Amino acid sequence: MTNKKDLNKFFNDFLTKNPLFLNKKVLQDSYTPENIEHRDDQINTLAGILAPLLRLEKPSNVFVYGKTGTGKTLSVKYVTKKILDVAKEKNIPLKMVYLNCKLKRIADTEYRLIAQIANEFGGNIPATGLPTDEVYKAFMKVIDEKSNKLIILVLDEIDQLVKKAGDGMLYNITRLNSELKNTELSLIGISNDLLFMDGIDPRVKSSLSEEEVLFYPYNAIQIQDILRQRSNVGFRKEIIGEGVIEKCAAFAAREHGDARRALELLRVAGELAERSNKITITLEDIDAAEEKIECDKVIDTIHAQPKQFQLTLYSLLSISEQKKKSIFTGDIYSVYHDFSIKIGSKPLTQRRVSDIIAELDMMGIINARVVSKGRYGRTREICLSIPTSTTNVIKNVIKESLNL
DNA sequence: CACCGTTCAGTTGAACTAAGCAACGGAATTCGG
DNA sequence: GAATTCCGTTGCTTAGTTCAACTGAACGGTGGA
C-alpha cells in the first residue's frame, strides 16, 4: 500500500466485503445485554434488596463479592438501571452514582472519592487544597440541596480504595447517612477480593454488609452460553469456526471463570480475522488474540503511569532480555538508576522503586515474590508474567513515550 | 551430623518534605460622585 | 468612601523521601555422637 491507488482499492475492498461483525458493541464490556445468563439468583436477590427504594424507603446496604469477570458490575448496573427506569416512570426522586475506585486520580483516595461524587451532583470541588472534612461538608450541602430523596452509591473495586486509604474512610461513608437531612444514601460495595471484609472494623462491617451477594465464577459451559448468546448478535452467522467458542471458554475458565476475558478474546480474534481478510474465525486467531490482549493491556496501563514508573519497567525488561533467570530488586534498581541519569531525570529512591515493583506485581505484569536468600539477604525474586514476544513491543512503546 | 547465632540485602511502616492548590484577609488600586 | 483586584499567608492533599526497625534462611562455627 505505497501509492494512492492501492489505498483507494484497499478502502473500497474494505467497504464492499462482508464484515464479520454485525454489531461489535455487543462484544465490548461496556455493553449491558438485555438478559444476563446464569445470574438470575444474584439479580433477583439484588432486586429484592433494592426494591424498597420504589416505596421511598432506604434499602439495606449491599456488599457484592466475586472474582473479576463474574458479572458483578454488569448485574449491579443492570438492576440499578431497571430500577431507575421504573423510578423515572413513577416520578420517584432516585439517583444513582457509579464510581470505580480503582481509577487513578479520580476516585482512589477518600478526598477524591467524595469530591467526585459531589461533582457528579453538580458541585464544584477542586482537585486539591481543601481539608477532607470541608469536602464532606461541601458534599452534603450539594446533596441536600439537590434534594434527591434517594441515592444509590455504587463503589466498584472498593477493596482497592480501602487498601490505599484505610478503613477509617469506610466508617465516614457509612456514617454519612445520619448526617444527611433530606437524603437517604444506600451503598453498594463491589469487591474482587473475597477476603476483603476480614480485618475491617466490625462496626463498618455490619453497617456496610447488611446484605451480601456472592458471585460464583462461571464454569466453562456457562461461559460458552454467554459467548453464544453474544456472538449470535455480534457476528454474522457461520463466521465462527469449529471449536472456537469452546476454546475461548476454556481459556477463560482456566482463569477463574472470567467471562469478560472470554468475550474480549472472541472480539479481538474477530478483529484480527477481519484485518487479515479471513471469512471465518479460527482457532489460530484465538491464540493471536490472547497474545494481543495481553500486550495491549500492558501498554494501556503503562501509558497511564508516570515517567519513573515506565523507566522502572523498561529497566526490568532490559535485564530480562539478558538473563532468563529470576531478577532481583537490586539489579533493577542499579539499571534503573543509570537509565534515569542518562535521560537526565532525578532517580527515585530505592524505597519508591520497591513500591513500584510491588505495583507491577499487582498489575500482573510481573510475578514477584519476597524471598530470603539466607545471609545473602532478602529481596524480591521477579520474573515476567508476560510472553517474551511482547516485551519488545512494550519496550518500544516506553521508548517512544519517554523520547529515548 | 544437628543445632544455633550471625549476617546480608532488601522489605516495610511511619514520619516527614516539597509541590500544588484554594480560601482567606488585608493592602493597593480603581471608580464614581 | 466603596468596590475590586492583587498578593501574601495559611492550611490542605499527595507523591515521594528519609529513617529505622524488621526479616528469614544460608553460612559457618560449635559441640555431641
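As the structure is a computational prediction, the values presented were derived from the model and not from experiment. A note on names: the letters A, B, ... follow the listed sequences, proteins ahead of strands, and every chain is numbered from 1.
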Please step through ring pair (Phe, Tyr, Trp, His ring centres under 6.0 Å) for the pair A/F235 and A/F21, ending with a clear verdict.
CA-CA 4 Å; A/F235 288 111; A/F21 290 102; 4.9 Å; yes

Heavy-atom contacts, protein to nucleotides 20-25 of chain B, under 4.0 Å, summarised as B (base), S (sugar-phosphate only) or - (none) per nt, yield BBSS--

Tell me if a side-chain donor or acceptor on A/S385 pairs with a main-chain N or O of A/G364 at a distance below 3.5 Å.
yes

For atom CD of A/E381 and atom P of B/dC8, their distance in whole Å
21 Å

Do you see a donor-acceptor pair shorter than 3.5 Å between the side chains of A/E157 and A/N192?
yes

Return yes when atom CD1 of A/I279 has more than 12 non-hydrogen atoms of other residues, nucleotides or ligands closer than 6.0 Å, and no otherwise.
no

Write down the distance between CD1 (A/I356) and C1' (C/dT17), rounded to a whole number of angstrom.
13 Å

A/S354 side chain vs A/Q350 backbone, donor-acceptor pair below 3.5 Å:
no

Using a cut-off of under 3.5 Å, enumerate the N/O to N/O pairs linking the protein to nucleotides 10-19 of chain B.
| residue | atom | partner | partner atom | Å |
| --- | --- | --- | --- | --- |
| B/dG10 | OP1 | A/G330 | N | 3.4 |
| B/dG10 | O5' | A/G330 | N | 3.4 |
| B/dG10 | O4' | A/R378 | O | 2.8 |
| B/dT11 | OP1 | A/T329 | OG1 | 2.8 |
| B/dT11 | OP1 | A/R380 | N | 3.4 |
| B/dT11 | OP1 | A/R380 | NH1 | 3.3 |
| B/dT11 | OP2 | A/S354 | OG | 2.8 |
| B/dT12 | OP2 | A/R380 | NH2 | 2.7 |
| B/dG13 | N7 | A/R351 | NH2 | 2.8 |
| B/dG13 | O6 | A/R351 | NE | 2.8 |

Is the phosphate of C/dT18 approached by A/T349 (side-chain N or O, under 4.0 Å from OP1 or OP2)?
no

C/dG24 phosphate, OP1 or OP2, under 4.0 Å from A/R375 side-chain N/O
no

So does A/K395 have more than 12 non-hydrogen atoms from other groups sitting under 6.0 Å from NZ?
yes

Parallel, tilted or perpendicular: rings of A/Y218 and A/H38 (30°, 60°):
perpendicular

Heavy-atom distance under 4.5 Å between the side chains of A/N367 and A/L384, does that happen here?
no

Tell me the interatomic distance from A/D108, atom CG, to C/dA15, atom C1', rounded to whole angstroms.
11 Å

A/Y111 OH to C/dG11 P: how many Å, rounded?
17 Å

Gap between atoms OH and C1', on A/Y376 and C/dG28 respectively (whole Å):
10 Å

To the nearest Å, give me how far apart CD (A/Q116) and P (C/dT13) are.
18 Å

Atom pair distance, as rounded to whole Å: CD1 in A/I327 and P in B/dA9
19 Å

Under 3.5 Å: donor-acceptor pair, side chain of A/S340, backbone of A/Y336:
no

